[in-house]
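All ligand and atom numbering here is 1-based and tracks the order in the structure.
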Amino acid sequence: MATRLKQDDPRELALQERIKAGFKLEDETEMTPRYRDVLVNTMHIAADLEVMTLPDYSPAIKNSPNLEAKIAVASACQDELGHAQVMYRLLEDFGYDTHQFLFEREAAEFRTFQLLEFPHRDYIETVVSMCIGDRAGYITTTDLEDNCSFGPYARSLRKVNFEETFHVGHGERWTRFFWNQSPASRQRVQEAFDFYFPLAAAWFGVPDSMKKRTDQLAYKIRGASNDEMRQKWLTQVVPFCEELGIRIPARFDEETGKFRLDYEPPVYLDEEKRVWHFDRRITWEEQFAIWKRGSVFKVPAIRRLQLEVWGKELW
Ligand SMILES: [Fe+2]
Ligand SMILES: [Fe+2]
């Protein structure tokens with residue numbers, strides 16, 4: 001695999017060799033500056049993503065259909081904040097100040113993914129997001145738990161991943177329920193999949209063929225590539241949808257023996273109408289600009305979190 005590590009730097013080479021042999025780093029003194037950057041960057045994004053779930057999921061505490069579901073969603077929100085707390089705590093060892101980072105940072109600077117930048121409009125969107133979106137997150141964090149060469153981060157993810165299985169399970173159960181409840185709820189489930197499926201598929205980033213930076217893999221910060229993780233996600237999501245009859249733009253390809261998307265990303269999303277135009281491809285430059293800008297909901301959602309007005313309105 002191509003790597004951007006400087007091969008002439010003996011310290012980098014030595015570290016890479018030790019990691020390849022299964023060595024786990026326990027603190028900053030064992031790192032090269034480059035390793036540190038890649039690790040901190042990975043944890044920073046992961047922590048911001050945990051926080052960004054809150055504006056999406058917390059309205060479901062109010063609109064959940066029964067007490068059991070209300071408790072489950074409230075717990076999930078608490079879990080997500082706990083996940084962020086674990087990661088911010090680790091970042092403190094690298095000079096981050098959690099309070100400043102969470103409450104005093106410009107909202108636009110939060111590093112979020114498009115999947116989490118559209119507030120859920122009803123409980124059905126929340127459970128569909130848990131079913132396929134939390135599953136995407138779970139595949140990423142499980143890979144980190146299994147492979148990350150920074151021991152404290154890998155170990156901290158055991159609890160995180162244990163809790164994520166409940167989120168995915170909750171999403172799956174309620175998706176099934178609404179699919180079978182009435183024609184109207186079935187239609188809402190389908191609409192939620194129409195919008196969220198491509199967003200969740202994009203969670204894993206650009207195809208491997210486009211990826212120039214392989215530092216995360218070279219340093220074994222994570223173990224699987226973008227395409228490998230996307231394939232794992234499809235392996236779970238496509239059969240689930242096929243079993244129920246939910247239509248999604250993906251299928252199993254007999255020829256390659258792999259699951260594949262029916263469209264070639266990136267494609268145009270009408271953010272206002274929440275409609276994907278699969279026949280209208282955009283360039284990767286345009287896609288990167290869209291991801292960088294964030295949806296119109298991103299900044300207001302984070303500002304609202306930072307102002308801590310949630311307490312009064314949650315219940
Ligand atoms: Fe989480
Ligand atoms: Fe979650």
Side-chain angles (χ1 to χ4, degrees), residues 41-64 68-91 98 101-102 110-120 123-148 150 152-175 192-193 196-197 199-205 221-222 224 229-230 232-233 236-237 240 298 301-302 305 310 314:
N41 195 39
T42 304
M43 294 198 295
H44 177 147
I45 294 170
D48 281 357
L49 290 172
E50 299 286 357
V51 171
M52 199 58 192
T53 58
L54 293 172
D56 277 352
Y57 287 82
S58 52
I61 300 173
K62 260 186 180 171
N63 63 28
S64 49
E68 190 199 346
K70 192 187 275 287
I71 292 168
V73 175
S75 308
C77 289
Q78 211 171 352
D79 291 343
E80 304 296 10
L81 195 56
H83 301 170
Q85 162 66 16
V86 163
M87 297 177 199
Y88 285 141
R89 165 65 197 85
L90 285 169
L91 285 167
T98 299
F101 199 52
L102 195 48
F110 275 68
R111 299 172 69 183
T112 60
F113 290 176
Q114 205 178 20
L115 172 68
L116 301 170
E117 291 173 354
F118 293 89
H120 302 159
Y123 189 71
I124 290 181
E125 286 196 357
T126 295
V127 293
V128 168
S129 287
M130 286 176 125
C131 182
I132 61 174
D134 281 59
R135 191 187 301 272
Y138 174 69
I139 286 171
T140 318
T141 47
T142 307
D143 178 78
L144 288 162
E145 180 192 339
D146 291 344
N147 295 293
C148 187
F150 181 51
Y153 189 34
R155 290 192 294 273
S156 76
L157 290 171
R158 196 171 306 159
K159 178 173 181 289
V160 168
N161 288 328
F162 178 68
E163 288 168 350
E164 286 301 337
T165 61
F166 288 95
H167 307 171
V168 176
H170 183 81
E172 233 180 63
R173 256 192 322 280
W174 281 96
T175 297
F193 268 86
Y196 281 101
F197 180 89
L199 285 176
W203 174 271
F204 304 99
I221 301 295
R222 62 183 170 114
M229 284 197 280
R230 190 166 12 244
K232 196 170 176 188
W233 178 78
Q236 298 173 17
V237 171
F240 174 79
K298 173 183 167 174
I302 295 171
L305 261 185
W310 294 84
L314 271 183

Do the side-chain N and O atoms of Y57 and D134 include a donor-acceptor pair separated by under 3.5 angstrom? yes
Is there a donor-acceptor pair closer than 3.5 Å between any side-chain N or O of R135 and the backbone N or O of C131? yes
Can you confirm whether the side chains of T112 and D48 place a donor and an acceptor under 3.5 Å from each other? no
Among T140, N147, T141, find the residue that satisfies the side-chain hydrogen bond (donor to acceptor under 3.5 Å, both in side chains) test when tested with D143. N147
Before we go on, tell me: are the rings of H44 and F101 under 6.0 Å apart, centre to centre? yes
Count of protein N, O or S atoms below 2.8 Å from the Fe ion (ligand 2) equals 5
Aromatic ring pairing W174/H170, orientation class (parallel under 30°, perpendicular over 60°, tilted between): tilted
